[in-house]
Amino acid sequence: MLSGSPIGVFDSGIGGLTVFRSIVEQLPGYDYLYLGDNGRAPYGNRSFNTIHQYTWECVQWMFKQGCPLVILACNTASAKALRTIQQQDLPKDNADKRVLGVIRPTAEVIGDYTKTKQIGVLGTKGTVQSGSYLLEIEHFSPDLKVYQQACPLWVPLIENGEYNKPGADYYVQLYLDQLMEQSPDIDTILLACTHYPLLQDKIKAHLPAHINVVAQGDIVATSLVDYLQRHPEMEQRLTKNGNRQFYTTIDDTPDFDRHASLFFADNVKSEYVDVREGC
């Protein structure tokens with residue numbers, strides 16, 4: 001385990017590594033601990049209670065490793081677990097810790113990308129059904145019209161290494177058609193799942209050139225930079241040795257490492273952990 005006080009980055013699997021990569025690019029000197037709950041993924045079709053239970057177990061494990069700050073680099077966990085963790089779980093025993101998500105920072109700025117004021121949101125079934133993006137975007141940009149489309153087959157395609165093969169084009173086109181049928185005036189599409197950037201080139205190829213396709217990594221990283229500047233009491237607690245450690249809840253770590261290296265754009269060497277021990 002890492003010594004010191006690393007920033008924790010959590011995802012239900014490996015998609016969060018696209019966000020982690022952007023965070024490391026903008027904040028390279030910090031220590032980090034990444035945890036992928038691959039043993040219980042995917043989260044997208046699970047209930048609110050189950051997602052909260054799994055997410056909170058992982059967050060507690062990261063706290064025990066010394067992380068005072070955890071980023072939920074997972075849209076489903078951010079949509080279905082973050083509010084309960086922040087409002088109910090942290091005040092009980094971890095009032096000095098912080099857990100942040102990916103939905104709010106994205107909702108704060110997504111309005112800057114559109115001219116027509118019409119936005120499409122592509123996400124997992126869980127993220128779409130939660131309505132979290134509708135609520136958050138309405139809060140920050142009430143003049144925007146938001147259309148959602150669940151893409152339940154994209155994560156399996158990506159995690160099985162099929163995302164860059166010709167067969168993936170059918171499913172990319174399928175969900176894009178369903179989204180654009182809701183409004184032809186959509187000019188900005190948000191990839192509201194951290195897996196989806198691996199499909200970004202295919203998505204763009206199936207859309208008119210004037211439509212913006214927005215991934216979350218850089219947005220979330222920029223928001224974290226701003227957060228640490230506004231909260232020096234937290235920033236000073238974090239250790240800065242440039243260390244990175246990867247953990248997964250699946251015991252086939254070589255398989256995790258192969259897939260994770262694609263998302264992180266660098267070699268990944270992980271260790272297996274059972275987050276339920278002691279929870």
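Values below: every heavy atom of this structure, side chains too, minus hydrogens, waters and symmetry copies.
Taking the six-membered ring for Trp and thresholds of 30 and 60 degrees, Tyr54 and Tyr43 have ring planes inclined between 30 and 60 degrees apart.
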### Task
Apply side-chain hydrogen bond (donor to acceptor under 3.5 Å, both in side chains) to Thr76 and Thr124, showing your working.
CA-CA 7 Å; Thr76 304; Thr124 66; 3.0 Å; yes
### Task
Carefully, step by step, assess Ser223 and Glu108 under the rule side-chain hydrogen bond (donor to acceptor under 3.5 Å, both in side chains).
CA-CA 10 Å; Ser223 178; Glu108 286 178 347; 4.9 Å; no
### Task
Would you check, one step at a time, whether the test side-chain hydrogen bond (donor to acceptor under 3.5 Å, both in side chains) holds for Tyr30 with Glu235?
CA-CA 10 Å; Tyr30 290 77; Glu235 198 280 334; 2.6 Å; yes
### Task
Start with the C-alpha distance between Asp187 and Thr114, add both sets of side-chain angles, then the distance that settles side-chain hydrogen bond (donor to acceptor under 3.5 Å, both in side chains), and finish with yes or no.
CA-CA 6 Å; Asp187 73 344; Thr114 177; 2.5 Å; yes
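With hydrogens and angles ignored, the 3.5 Å screen pairs no side-chain donor or acceptor of Ser141 with any backbone N or O of Leu144. Here the side chain of Asn75 pairs no donor or acceptor atom with the backbone of Thr127 at under 3.5 angstrom. The main-chain N or O of Ile119 is never found under 3.5 Å from a side-chain atom of Thr188 such that the two would form a donor-acceptor pair. Looking at Asn94, its side chain never comes within 3.5 Å of a backbone N or O of Lys97 through a donor-acceptor pair. One N or O on the side chain of Thr249 and one on the backbone of Gly39 form a donor-acceptor pair closer than 3.5 Å. A donor-acceptor contact shorter than 3.5 Å links the side chain of Gln86 to the backbone of Val99. Of the possible donor and acceptor atoms, one in the side chain of Trp154 sits under 3.5 Å from a partner among the backbone N and O of Tyr171. With hydrogens and angles disregarded, a donor-acceptor distance shorter than 3.5 Å links the side chain of Ser261 to the backbone of Val268. Remark: side-chain polar atoms of Asp274 are paired, donor with acceptor, to backbone N or O of Arg276 under 3.5 angstrom. In this structure, Thr18 contributes its side chain and Gly15 its backbone to a donor-acceptor pair below 3.5 Å.
When ring centroids are compared, Tyr247 and Trp61 come within the 6.0 Å threshold.
Among residue pairs with one or both ends in residues 83-121, none qualify as ring-ring contact (aromatic ring centres under 6.0 Å, His included); sequence neighbours excluded. For the salt bridge (charged side-chain N to carboxylate O under 4.0 Å, His left out) condition, the pairs that include at least one residue of residues 38-48, sequence neighbours left out, are Asp37-Arg40, Arg40-Glu57. Each ring-ring contact (aromatic ring centres under 6.0 Å, His included) pair with one or both residues in residues 120-151, not counting sequence neighbours, would appear here, but there are none. Listed by first and then second residue, the side-chain hydrogen bond (donor to acceptor under 3.5 Å, both in side chains) pairs involving residues 191-203 are Glu159-His195, Asp169-Lys202 (not counting sequence neighbours). The list of salt bridge (charged side-chain N to carboxylate O under 4.0 Å, His left out) pairs with a residue in residues 127-151, not counting sequence neighbours, reads Arg104-Glu136, Lys117-Asp143.
The side-chain heavy atoms of Phe48 and Ser130, taken from C-beta on, include a pair separated by under 4.5 Å. Residues Ile7 and Leu238 have side chains in contact (heavy-atom distance under 4.5 Å, counting atoms from C-beta outward). Counting heavy atoms from C-beta outward, Asp266 and Val24 have side chains that stay 4.5 Å or more apart. Contact annotation: the side chain of Asn212 never approaches that of Ile189 to less than 4.5 Å [non-hydrogen atoms, C-beta and beyond]. The shortest distance between side-chain heavy atoms of Leu72 and Val102 does not fall below 4.5 Å. Side-chain atoms of Leu228 and Leu69, non-hydrogen and from C-beta on, do get closer than 4.5 Å to each other.
Not counting sequence neighbours, the partners of Phe20 by the ring-ring contact (aromatic ring centres under 6.0 Å, His included) test are Tyr32, Tyr34, Phe246, Phe264.
Of all heavy-atom pairs spanning Pro68 and Arg237, the tightest one is CB-NH2, 3.4 Å. Cys67 and Leu33 get closest at one heavy-atom pair: SG-CB, 4.1 Å. Counting all heavy atoms, side chain and backbone alike, Gly16 lies closest to Asp11 at N-OD2, 2.9 Å.
For Asp31 and Thr239, the side-chain atoms include at least one donor-acceptor pair closer than 3.5 Å. Looking at Thr248 and Asn38, their side chains do bring a donor and an acceptor atom within 3.5 Å of each other. A side-chain N or O of Asp89 and one of His52 form a donor-acceptor pair less than 3.5 Å apart.
Other residues, nucleotides and ligands place more than 12 heavy atoms under 6.0 Å from the NZ atom of Lys240.
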